[in-house]
Number of protein chains: 2
Amino acid sequence: MRVDLDRSRPVWRQVAEAISRRIDDGTYPPGGRVPGMVELSAEFGIAASTAQKALAHLRDTGQVRTELGLGTFVADAG
Amino acid sequence: MRVDLDRSRPVWRQVAEAISRRIDDGTYPPGGRVPGMVELSAEFGIAASTAQKALAHLRDTGQVRTELGLGTFVADAG
DNA sequence: GGAAATTTGTACGTATGTATC
DNA sequence: GGATACATACGTACAAATTTC
């Protein structure tokens, strides 16, 4: 579950890609909850604001759906 | 050229919409330069980081194109 | 109805990196 | 090297929505 971060590419993008891979391989199933900003910042050792940007990007690309007060969830396939 | 900001909707979105309108009405013609973060923050009385978010959104939606070290330009019609 | 905790969203500010002129 | 301008990363504070007590 560990992701090595390199310095040549944006951290927020690498985190978004890591989550995207986990969606693809079923680690985070459709409708299931994705780790939130606080959890991601702890796991990757990054700022919450950076984790938020990664999640916002996944939302903008339709891979997840966010619900205020609840969390972030894998978008239903389709 | 003045835009009234209300508190019910995100500032970054209102700024993005204002720029979008100016693109549509020809104020900022295709290929022309759009005011940058510093200019927008001064005009609207907002933080540069908020102006940056508005510009990033316009870039993500294909309305403008940004060039590092140069500025932000209206995307060619298409 | 209200208070607290959790979680996402917005806004601001600062520092640093990268690219162009 | 210096000035300009966008990009990334961090941190802080508060707002908004939901859940739980």
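The basis for the numbers below is simple: all heavy atoms, side chains too, and nothing from hydrogens, waters or symmetry mates. Note on naming: letters A, B, ... go to the chains in the order of the sequence lines (proteins, then strands), and numbering restarts at 1 for each one.
- With DNA chain C read from its 5' end, the first of the two nearest nucleotides for Glu39(A) and Pro10(B) is the one closest to Glu39(A).
- For Trp12(A), the side-chain atoms get nearest to dT8(D) when compared with the rest of dT8(D), dG11(D), dA11(C).
- Rounded to whole Å, atom P of dT18(C) lies 15 Å from atom CZ of Arg9(A).
- In this structure, Phe73(A) places its CZ atom 12 Å from C1' of dT6(C), rounding to the nearest Å.
- Here the side chains of Ile46(B) and Leu5(B) are in contact, with some heavy-atom distance below 4.5 Å.
- In this structure, Thr27(B) contributes its side chain and Ile23(B) its backbone to no donor-acceptor pair below 3.5 Å.
- When the C1' atom of dT19(D) is taken as reference, atom CD of Glu67(A) falls 13 Å away, rounded to whole Å.
- Rounding to whole angstrom units, CZ of residue Phe44(A) and C1' of dC10(D) are separated by 17 Å.
- Comparing Gly69(B) and Leu55(A), the nucleotide of DNA chain C nearest to each residue sits closer to the 5' end for Leu55(A).
- The Thr66(B) side chain lies nearest to dA7(D) when the options are dA7(D), dA16(D), dC12(C).
- Of the candidate nucleotides dT10(C), dC6(D), dA7(D), dC6(D) has the atom lying nearest to any side-chain atom of Thr72(B).
- One can place CZ of Arg7(B) at 18 Å from P of dC14(D), the figure rounded to the nearest angstrom.
- Counting heavy atoms from C-beta on, the side chains of Leu40(A) and Glu43(A) come closer than 4.5 Å.
- Remark: Glu67(B) does not engage Arg33(B) in a salt bridge, criterion side-chain N to carboxylate O under 4.0 Å.
- In this model, the phosphate group of dG9(C) is approached by a side-chain N or O of Arg59(A) to a distance below 4.0 Å at OP1 or OP2.
- Atom P of nucleotide dT7(C) and atom CG of Leu40(A) are separated by 12 Å, given to the nearest angstrom.
- The CZ-C1' distance, from Arg33(A) to dT19(D), rounds to 13 Å in whole Å.
- Looking at the side chain of Lys53(B), the nearest of the listed nucleotides dT10(C), dT8(C), dA5(D) is dT10(C).
- In summary, Glu17(B) and Arg9(B) engage in a salt bridge, as defined by a charged side-chain N under 4.0 Å from a carboxylate O.
- OP1 and OP2 of dT8(C) both lie 4.0 Å or more from every side-chain N or O belonging to Gln52(A).
- Looking at which nucleotide of DNA chain D each of Val11(A) and Leu68(B) is closest to, the 5′-most match is held by Leu68(B).
- Residue Leu70(A) has its side chain nearest to dT19(D) when only dC12(C), dG9(C), dT19(D) are considered.
- Remark: Ser49(A) is not in phosphate contact with dT12(D), judged by side-chain N or O atoms under 4.0 Å from OP1 or OP2.
- Contact annotation: Thr50(B) side-chain N/O to dC12(C) OP1/OP2 distance is under 4.0 Å.
- Atoms CD1 (Ile46(A)) and C1' (dA9(D)) sit 10 Å apart, rounded to a whole Å.
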